[in-house]
Amino acid sequence: MNLFDQLRTAVLAALDTMEADGVLPPGLDRAAVTVEPPRDPAHGDMATNAAMVLAKPAGLPPRTIAEALAARMAADPRIASADVAGPGFLNLRLAPSVWQSHVSDILHAGAGYGRSSSGKGRSVNVEFVSANPTGPMHVGHVRGAVVGDALSNLLAFAGWRVTREYYINDGGAQVDVLARSAYERYREANGLSPEIREGLYPGDYLIPVGEALKAKYGDSLLNRPEGDWLADVREFATEMMMAMIRDDLAALGVSMDVYSSEKALYGTGKIEAALAQLREQGLIYEGVLTPPKGKTPEDWEPREQTLFRSTAHGDDVDRPVMKSDGGWTYFAPDIAYHYDKVQRGFDELIDIFGADHGGYVKRMKAAVSALSGGRVPLDIKLIQLVKLWKNGEPFKMSKRAGTFVTLRDVVEMAGADVTRFIMLTRKNDVALDFDFAKVLEQSKDNPVFYVQYANARVHSVLRKAAEAGVDVSDQALMDADYTKLSHPAELALIAKLAEWPRLVDIAARSNEPHRVAFYLYELASDFHGFWNRGNDEPSLRFVHDDSATTQAKIALARCTGVVIRSGLAILGVTPVEEMR
RNA sequence: GGCCCCGUAGCUCAGGGGAUAGAGCGGCCGCCUCCUAAGCGGCAGGUCGGAGGUUCGAAUCCUCCCGGGGUCACCA
């Protein structure tokens with residue numbers, strides 16, 4: 001339980017006594033009572049809205065309630081002052097001893113500080129990337145990969161059991177195109193000139209596939225009808241593409257727990273089973289769709305299809321699951337795939353999609369709602385575009401693929417750490433500019449270096465103190481005399497650190513890993529500010545002649561480092577201990 | 001036209017129904033005999049796209065409108 005929860009518990013207990021004393025009528029709903037840090041730190045360490053929330057149901061003026069509550073809260077030894085303010089806020093200032101002992105809490109928890117149990121061990125499946133296995137990952141995949149991975153880290157830190165999953169789209173026409181493209185490279189490897197016709201994939205990355213095909217098949221596939229080789233070449237090429245994609249992901253520091261295959265759903269009865277499940281609920285029928293409202297495509301022709309009644313679960317129109325030629329639409333295996341995830345027992349599903357899949361959200365949620373009987377929530381995060389820039393101009397170029405910028409290009413130019421951090425400096429539903437010049441700049445314009453620099457400074461003073469002969473081992477710091485941390489600036493920094501567990505909970509609850517990046521930036525800013533106050537007030541420096549004082553001050557720096565490290569771990573960014 | 005997302009300082013963006021709406025960049029003024037100045041402090045800059053509504057209280061929730069982007073049945 002974090003400090004804010006502890007104080008909320010204290011407030012609720014005080015409300016109990018007020019109820020027992022007849023100050024408040026019994027049975028008031030307190031769900032809306034919050035204890036939060038006030039926006040303006042001058043108001044105190046924490047503020048509660050209890051009086052305002054309860055005023056109306058209690059039939060009492062808010063300030064009357066607030067004052068009675070203030071009197072009771074003031075009796076708590078943890079509370080230094082309790083003041084009624086504004087329309088009925090109760091502002092609480094905590095005793096220095098509360099903050100001082102919090103330093104000890106942070107050091108004892110170490111890397112686990114901020115770890116939460118709010119997930120309660122529930123299981124969540126995070127599906128992300130799921131790029132078609134037809135080539136290397138391109139820049140459009142990077143952001144989704146980073147967001148999915150960081151979100152997974154975040155949820156794990158918040159007490160969820162997390163499965164990272166990649167859905168391989170190896171069942172559609174695009175893998176046939178891959179096979180034909182690879183076949184041309186195979187012909188090339190056999191000394192023939194390839195015919196990269198319109199519609200085939202032209203990228204150089206298929207040349208090694210052609211060579212590998214030659215190594216395996218020699219010339220035995222040459223001059224044979226497509227039907228003889230398509231399936232084998234398709235499987236071979238798909239596997240090589242997936243190996244390449246795995247490498248790409250690894251370069252970005254992402255590793256999946258599970259790879260699921262679309263193709264594996266066909267011919268196994270899984271699609272049929274999922275649809276049977278829907279059919280039982282009366283959600284599958286033969287029908288004719290009406291054209292989109294207000295805009296009829298020119299080639300529109302009514303056709304009878306097998307439809308999923310997604311409108312029964314919140315969609316705007318029903319959706320086809322079968323083409324008029326009797327084949328499945330892409331939606332059908334997707335339904336089966338999500339049914340599989342439901343059957344595997346996950347308590348929650350999360351899909352990370354590109355923003356161009358926005359039209360797909362309602363039908364997928366409808367399917368999961370129907371297939372799980374409303375048990376399993378599905379959250380879909382749409383990832384907006386990343387615009388690449390270099391020297392003020394849009395950046396387009398690839399060494400490997402010719403037509404698009406690859407994930408490799410980005411990682412090689414910017415580095416995995418920088419790439420990951422920058423991708424998390426925006427909400428997922430806002431477009432993001434990625435400027436190679438800017439993200440490599442080593443200044444405070446660049447949040448990555450700003451945060452790294454703060455951590456480096458932490459380690460700098462640790463080294464300095466050690467050189468001066470002070471024992472700054474974690475054990476020694478845990479035994480330090482924290483009463484030496486009494487300056488308001490010191491207590492304020494501890495207060496910022498104390499927000500970390502609360503932030504983890506908030507970010508995890510909303511599935512928003514970018515909040516971690518923003519918090520780290522704020523924490524770094526507070527630390528840099530604190531650091532520079534040491535210029536004017538030597539008492540605020542970390543290293544002193546007296547080793548007991550040094551240990552207490554260093555403990556504060558150490559705590560900052562603990563939180564930065566822990567936050568960076570969630571983002572998947574390597575902490576730096578020294579700037580070079 | 002339907003649906004989804006976005007609209008907050010000159011620019012790029014934060015902001016779980018709370019108090020006087022924040023940060024960075026850009027502009028102006030300051031701070032290194034002192035732990036990393038790759039940093040810090042201060043000043044200037046706002047009809048939170050608009051109008052209604054819910055609420056003790058709205059940038060935040062609801063409705064409508066305006067502007068920008070995405071998307072719209074036998075492609076995944």
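Convention: sequence-line order gives letters A, B, ...; per-chain numbering from 1. What's counted below: heavy atoms across the whole structure, side chains too, no hydrogens, waters or symmetry copies.
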Could you tell me whether [X] contacts a base, only the sugar-phosphate backbone, or nothing, with contacts defined as non-hydrogen atoms closer than 4.0 Å?
X	answer
A:Ala557	nothing
A:Tyr521	sugar-phosphate
A:Glu301	base
A:Val53	base
A:Asn428	nothing
A:Asp299	base
A:Pro38	base
A:Ala355	sugar-phosphate
A:Asn49	base
A:Pro538	nothing

Notebook entry, point to check: A:His141 vs A:His138 aromatic rings, parallel, tilted or perpendicular, using cut-offs 30° and 60°?
Noted result: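 Ring orientation of A:His141 relative to A:His138: tilted.
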Next item on the list: For the residue pair A:Tyr360 and A:His357, categorise the inter-ring angle as parallel (less than 30°), tilted (30 to 60°) or perpendicular (more than 60°).
Entry: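 The arrangement is perpendicular - the two ring planes meet at more than 60°.
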For [N] versus [M], give the span between their [atom1] atoms, rounded off to a whole number of Å.
N	M	atom1	value
B:U60	B:A14	C1'	13 Å
B:G52	B:G15	C1'	25 Å
B:C3	B:A73	C1'	15 Å
B:G68	B:G49	C1'	11 Å
B:A59	B:U8	C1'	7 Å

Can a salt bridge be assigned to the pair [X] and [Y] using a cut-off of 4.0 Å between side-chain N and carboxylate O?
X	Y	value
A:Glu348	A:Lys341	no
A:Glu36	A:Arg502	yes
A:Arg234	A:Asp176	yes
A:Lys484	A:Glu490	no

Item checked: Passing candidate, side chain to side chain contact (heavy atoms under 4.5 Å, CB included) with A:Leu289, options A:Arg319, A:Glu304, A:Gln305, A:Arg303 ->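 Result: among A:Arg319, A:Glu304, A:Gln305, A:Arg303, A:Gln305 is the only option passing the side chain to side chain contact (heavy atoms under 4.5 Å, CB included) with A:Leu289.
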Margin query: For A:Phe434, run the side chain to side chain contact (heavy atoms under 4.5 Å, CB included) check against A:Val139, A:Thr425, A:Leu388 and tell me which one passes.
Written below: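 Result: among A:Val139, A:Thr425, A:Leu388, A:Leu388 is the only option passing the side chain to side chain contact (heavy atoms under 4.5 Å, CB included) with A:Phe434.
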Note to self: With a 4.0 Å limit, can you tell me whether A:Lys362 has a side-chain N or O closer than that to the phosphate oxygens OP1/OP2 of B:C4?
What the structure shows: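 For B:C4, OP1 or OP2 has a side-chain N or O of A:Lys362 closer than 4.0 Å.
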Next item on the list: If a protein heavy atom is under 4.0 Å from the base, mark B; if only from the sugar-phosphate, S; if neither, -; do that for nucleotides 6-16 of chain B going 5' to 3'.
Entry: S-----SSSSB
Next item on the list: Take nucleotides 36-42 of chain B nucleotide by nucleotide from the 5' end and write B, S or -, depending on whether a protein heavy atom sits under 4.0 Å from the base, only from the sugar-phosphate, or from neither.
Entry: BSBBS--
Notebook entry, point to check: Pick one for B:C40: is it syn, with its angle within 90° of 0, or anti?
Noted result: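 You should classify B:C40 as anti.
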Item checked: Exercise: identify the closest heavy-atom pair between A:Ile554 and A:Val461 ->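 Minimum heavy-atom contact is CD1-O, 3.6 Å.
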Note to self: Pairs counted only when both distances fall under 3.5 Å, Watson-Crick or G-U: show me the 5' to 3' dot-bracket for RNA chain B, [ ] for pseudoknotted crossings and | for other-strand partners.
What the structure shows: (((((((..((((....[...)))).(((((.......))))).....(((((..]....))))))))))))....
Margin query: Distance check, rounded to the nearest 0.5 Å: A:Glu127 atom CD versus A:Ile352 atom CD1?
Written below: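 That separation rounds to 9.0 Å.
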Note to self: Is the positively charged end of A:Arg309 above the ring of A:Tyr285, judged by distance under 6.0 angstrom from the centroid and angle within 45° of the axis?
What the structure shows: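 Yes; both conditions hold, so A:Arg309 lies above the ring face of A:Tyr285.
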Item checked: From B:G18, B:C35, B:A73, nucleotide with atom closest to A:Pro87 side chain ->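 That would be B:G18.
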Notebook entry, point to check: Which nucleotide in the set B:U55, B:C35, B:A73 lies at the smallest distance from any side-chain heavy atom of A:Lys56?
Noted result: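 Within the option list, the nearest is B:U55.
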